[in-house]
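Accompanying notes for the structure given below.
We count residues from 1, following the sequence as given. Start at 1 and go down the list; that is how both ligands and their atoms are numbered.
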Amino acid sequence: MSSHTKIKRTTVSKIAARKGGEPIVCLTAYTAPMARLLDDHTDLLLVGDSVAMVLHGMDSTIGVTLEHMIMHGQAVMRGAKKALVVIDMPFGSYEESPQVAFRNASRLMQKTGCTAVKFEGGKRMAQTIRYLTERGVPVMGHIGLMPQLVHVKGGYRVVGRHSAEWAAIEADAEAVEQAGAFAVVLEGIAEPLAEKITKFLTIPTIGIGASAQCDGQILVTDDLLGLSEHTPSFVKKYADLSQQIDRAGEAYAKDVRARHFPGPDHVYGMKLVRNTKAS
Ligand code: KIV
C-alpha cells in the first residue's frame, strides 16, 4: 500500500455541518493555476458564471454557456484537490424544467468531476432544487440579487433595503432550504435582513455584499486581487495586481526594445561534444 495519505476533498456534509461555526471561506476560480493557489486557503471554490465578465470580457453573465462552464470546471478540478468545487449553472440551462436542469447538472458533474452545482432563484426554483437533490445532485441556492435577471430588473440592485421587500426574500430563503439545498448564497442583501436569514435558516448562508454574520463569505477572486476594471463597494482589495502587471509589462517592453532581454542567462548555448574516437 502506498505510504502517501490521500488528501480528501471537502464534502457538502462538512460544509453543511459548519452552520453557526467557523466561517466558511469561499472564492471563485476559473483556471487550474488559480485553483491550485487558492486550494489551501479555501473550503469551497465556485466556478462562477461571473467568468463571463471576468475572463471573457462579456457585459453580463447571460452569454456564458454550459460548454464554457464545463471547460472552466475541468480546469479548476485539475488545480484544486481539497476544496469543494461547485459549478454555476449558466443562464438557460436549468430554468425550463427540473428535467432539463437535471440533464445539464449531471452533464456538468460527469464531465468535470465537480461535487455540486449552484443556480439562482428562491421559491420559483424550489421544485428544481428538490428534483436534483433527490437524484444525487447537491445544490447550492442563490437568492437576493440574481445577476442572471439583469435584463428583467433593468440592472443590478441591492435588495431588502425597504422592509416591504423582506417577506418575499425570507420566503425565498425558506423555500431553498426546504427543497434540500446544502447552502445558499445571499447576494446583495441589506445587512440586517442577511443577518436575520442566517439566524433562522439551518443551512449555511454564504454572503457576498450581505453580512459578516453569514456562515461564510464569497468574493470574485479577481476583485480582491485588484484585477477588475470596476470594483464593487462591498469588495475589500487584498492586492493590486493590475498595477503590478502594468509595471511588469512596461519593464519587459523596455528591456526588449533596448535588447536587454534576453540576457546571457535566458538563451541556450552549444553543447560540448566529446570526441571518443581512438587515434
Ligand atoms: O458567478 C459568481 O461569481 C457568483 C458569486 C456568488 C460570486 O455567483
Aromatic ring pairing His56/His68, orientation class (parallel under 30°, perpendicular over 60°, tilted between): tilted

Aromatic ring pairing Phe261/His266, orientation class (parallel under 30°, perpendicular over 60°, tilted between): tilted

Amino acids in close contact with ligand 1, where any non-hydrogen atom sits under 4.0 angstrom away: Thr28, Leu46, Gly48, Asp49, Ser50, Asp88, Lys118, His142, Val185, Ile208, Val220

Transitive ILVMFWY side-chain link Ile15 to Val25, under 4.5 Å: no

Candidates Asp215, Asp43, Thr10 - the one meeting side-chain hydrogen bond (donor to acceptor under 3.5 Å, both in side chains) with Arg18: Asp43

Min side-chain heavy-atom separation Asp88-Val47 under 4.5 Å: no

Residues Glu191, Lys196: salt bridge by 4.0 Å N-O rule: no

